[in-house]
Asks: 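Have a look at this one.
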Amino acid sequence: MSDRKEDILNILKNSDQKPVSGEELGEQLGISRTMVWKYIKSLKDDGYNITSSTKTGYILNSSPDMLYSEEILSGLKTSIIGNKIYHFDELESTNEEAKRLAPDEDEGTVIISETQKSGRGRMGRDWTSPRGGIYMSVILKPTIPASHAYHLTLVAGIAVANAIRNLGINACIKWPNDILINNRKVCGILTEINAEIEKIDYIVLGMGINANVDTGMFSSELKEGSTSLKSELGKPVERVSFVQNLLYEFEQEYIKFKSKPFNDIVDEWISLSDTIGKEVSIMTPSKMVEGKAIGVTKNGALIVKKDDGEKEEIIAGRCIY
Ligand code: BTN
C-alpha cells in the first residue's frame, strides 16, 4: 500500500467517523482533491468501506478482513518483531519468501500471505492454506549455536498457545510444535535455518494457523484431526488483532529466550504441554521410538521411557498418539 493511502486511512481512522472533506485531506497531504479521490477509489478497491459525500466528505465505515501491514502495524505493541511487515495476497510459501528476503532484512521482519499455493509443512508434507487462515513467517537472527535453533520452535509454540488462550480457548502444545485445541490441530510451526558450521545467518519461523477456515474442506486425511479458531469460538476471529497479539506474545518469549536460561522456557512449555504423561510413538529420522513421554530435558528434548525401562531423549521427529 502506498504511503499516501496509508496517510489517508490514518486520518479517516482518527476522525472517529466524522466526515473529512477532500479539500482537508488534500491540504494535509499536500495533494490535489483529484488525487485524493483516486486514492480513495483505490482504497475502496482494496475492500475499505468508505462513504463519500460531496457536501460533507469521506467516512471510513469498516476495514476489510485482510492482514494488510498498515492494519497490523497500527496498534502493534512490539519493539522488534513486526518492525517491518510484508503482506502478500498470494505466495507459494511465506517461508520461501522469508528465506529469499532474509539476507537483506533485519531481525523481526514478518512475511504474511492471505493464501499459499505451496504451503509447506514439516517432514516434506504440504500445508493446506485457504483464505481466512494466517500464514506468517518471522525472520530471526539470534547469536546462538546452530544446534540450538530448534529451541525457537518451542518458543513459538508457547507464543501461539498463549495468544490462543488469550481468546479464552484452552490451547496446548503437542511435542514438538503442533498447537491443539481439544485434541485437534489448529496450528503448525516450521522452523528453517541457514547456518555455516556453528554461526546462524538466519532462522525463518513459519506459523500456519487455521483461523477463519472451514476445516471440513480439508482432505479426508486432515479434516478429522484439524480444527479452526472460528469453529472453536463459534464466530470468526478478528485476524488483525489476533496477529498483533501473537507477535506481542512471541516477542515476550523471544526476549526471555535471549536473556534467561532456557530452563525457564522449558518449564513454561511443560505447563502448556499435551504430550507429557502420554503413551507416544515417535518417528525420528532414523527409527521409531515407543513409550511414555515423561518429560523434557533442559535443552528441550522429549524424554521417552520405553517399555524396557530405558530412557531416550529425542530432539526431532513426528509424534503420534
Ligand atoms: C507442520 O505442522 O507441518 C508445520 C506447518 C507450517 C506451515 C506454515 S504456514 C506459513 C509458513 N509457510 C510455509 O510454507 N509453511 C509455514
Side-chain angles (χ1 to χ4, degrees), residues 67 69 72 81-82 85-102 105 109-140 149-150 152-161 163-164 171-181 183-194 202-213 215 218-219 221-229 237 239 242-243 246-247 250 273-275 280 282-285 302 315-321:
L67 297 170
S69 49
I72 296 169
I81 306 298
I85 299 178
Y86 290 95
H87 170 267
F88 296 87
D89 188 55
E90 180 177 270
L91 276 179
E92 295 291 327
S93 149
T94 57
N95 266 33
E96 288 309 314
E97 186 66 15
K99 286 193 278 179
R100 199 179 66 74
L101 293 168
E105 290 294 332
T109 295
V110 170
I111 291 86
I112 294 189
S113 185
E114 297 294 334
T115 174
Q116 298 183 116
K117 286 198 280 184
S118 317
R120 292 190 302 102
R122 290 173 64 233
M123 301 178 139
R125 283 171 296 167
D126 294 337
W127 184 259
T128 311
S129 311
R131 283 178 190 278
I134 296 170
Y135 313 108
M136 180 164 92
S137 301
V138 183
I139 297 170
L140 299 171
Y150 75 95
L152 285 163
T153 304
L154 273 64
V155 170
I158 296 171
V160 178
I164 296 177
C172 48
I173 311 172
K174 178 178 179 185
W175 184 87
N177 60 1
D178 289 350
I179 308 302
L180 306 183
I181 304 171
N183 295 321
R184 292 177 169 207
K185 180 162 169 172
V186 69
C187 165
I189 297 166
L190 178 66
T191 311
E192 297 189 85
I193 169 170
N194 188 296
Y202 58 82
I203 290 175
V204 165
L205 210 98
M207 294 170 247
I209 299 156
N210 300 332
N212 297 333
V213 302
T215 51
F218 284 9
S219 68
E221 186 199 340
L222 285 180
K223 67 178 160 201
E224 270 300 292
S226 305
T227 189
S228 68
L229 297 179
V237 65
R239 291 188 311 153
F242 180 78
V243 169
L246 173 55
L247 295 178
F250 181 72
S273 165
D274 180 65
T275 308
V280 296
I282 313 249
M283 257 163 62
T284 75
L302 189 71
I315 55 165
R318 184 166 171 221
C319 179
I320 304 155
Y321 57 80

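Ligands are counted one by one from 1 in listed order, and the atoms in each one are counted from 1 as well. Note that this is a predicted model, so its numbers are computed, not measured.
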Asks: With backbone taken as N, CA, C and O and side chain as the heavy atoms from C-beta onward, which portion of D178 lies under 4.0 Å from ligand 1: side chain, backbone, both, or neither?
Replies: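 It is the side chain that touches ligand 1; the backbone stays farther off.
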Asks: Please give me the minimum heavy-atom distance between C319 and V280, naming the atom from each residue.
Replies: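 In terms of heavy atoms, the two residues are closest at SG-CG1, 4.0 Å.
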Asks: Hey, does F88 have a side-chain heavy atom less than 4.5 Å from the side chain of T94?
Replies: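 No. Closest side-chain heavy atoms not under 4.5 Å.
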Asks: If the cut-off is 4.0 Å to any non-hydrogen atom of M207, which atoms of ligand 1 fall inside it?
Replies: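 By the 4.0 Å cutoff, the relevant atoms are 8 (C), 9 (S), 10 (C).
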Asks: Suppose I only count heavy atoms of K185 and a 4.0 Å limit; which atoms of ligand 1 are within that range?
Replies: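 Taking each heavy atom of K185 in turn, ligand 1 has 1 (C), 2 (O) under 4.0 Å.
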Asks: Does T94, backbone or side chain, put an N or O under 3.5 Å from an N or O of ligand 1?
Replies: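 Between T94 and ligand 1 (N or O atoms, distance only) the closest approach is under 3.5 Å.
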Asks: Say whether Y135, considering both its backbone and side-chain N or O atoms, lies within less than 3.5 Å of an N or O atom on ligand 1.
Replies: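 No.
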Asks: Any idea which heavy atoms bring V213 and G133 closest together, and the distance?
Replies: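 Scanning both residues completely, I find the closest heavy atoms to be CG1-N, 3.3 Å.
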Asks: Answer whether the closest heavy-atom distance between the side chains of L229 and I181 falls below 4.5 Å.
Replies: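 Yes - at least one pair of side-chain heavy atoms lies under 4.5 Å apart.
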Asks: Measure the distances from the heavy atoms of E96 to every atom of ligand 1 and state whether one is below 4.0 angstrom.
Replies: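 It does not, in that no heavy atom of E96 comes within the 4.0 Å cut-off of ligand 1.
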Asks: Considering both backbone and side-chain atoms of Q116, is one of its nitrogen or oxygen atoms within less than 3.5 Å of a nitrogen or oxygen in ligand 1?
Replies: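 Yes, there is a polar N/O contact under 3.5 Å.
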Asks: side-chain contact (heavy atoms from CB on, under 4.5 Å) with F250: which of V110, L140, V160, I158?
Replies: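 That would be L140; it is the only one of V110, L140, V160, I158 passing the side-chain contact (heavy atoms from CB on, under 4.5 Å) with F250.
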Asks: For atom 6 (C) of ligand 1, which candidate among E192, R120, M136 provides the closest heavy atom?
Replies: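 Shortest heavy-atom distance from atom 6 (C) of ligand 1: R120.
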Asks: With side chains defined as the heavy atoms from C-beta onward, is the minimum distance between V204 and T191 less than 4.5 Å?
Replies: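 No, every pair of side-chain atoms sits at 4.5 Å or beyond.
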Asks: Please report whether ligand 1 has a polar contact with S93, defined as an N or O pair separated by less than 3.5 Å (distance criterion only).
Replies: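 The answer is yes, given that S93 and ligand 1 share an N or O pair closer than 3.5 Å.
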Asks: May I ask you to list the atoms of ligand 1 that are less than 4.0 angstrom from any heavy atom of G119?
Replies: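 Counting from 1, the qualifying ligand atoms are 14 (O).
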Asks: Of all the atoms in ligand 1, which lie at a distance below 4.0 Å from a heavy atom belonging to G121?
Replies: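 Here the atoms of ligand 1 in question are 1 (C), 3 (O), 4 (C), 5 (C).
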Asks: Is a side-chain donor or acceptor of N177 paired with a backbone partner of G188 at a separation under 3.5 angstrom?
Replies: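 Not confirmed, N177 side chain does not pair with G188 backbone.
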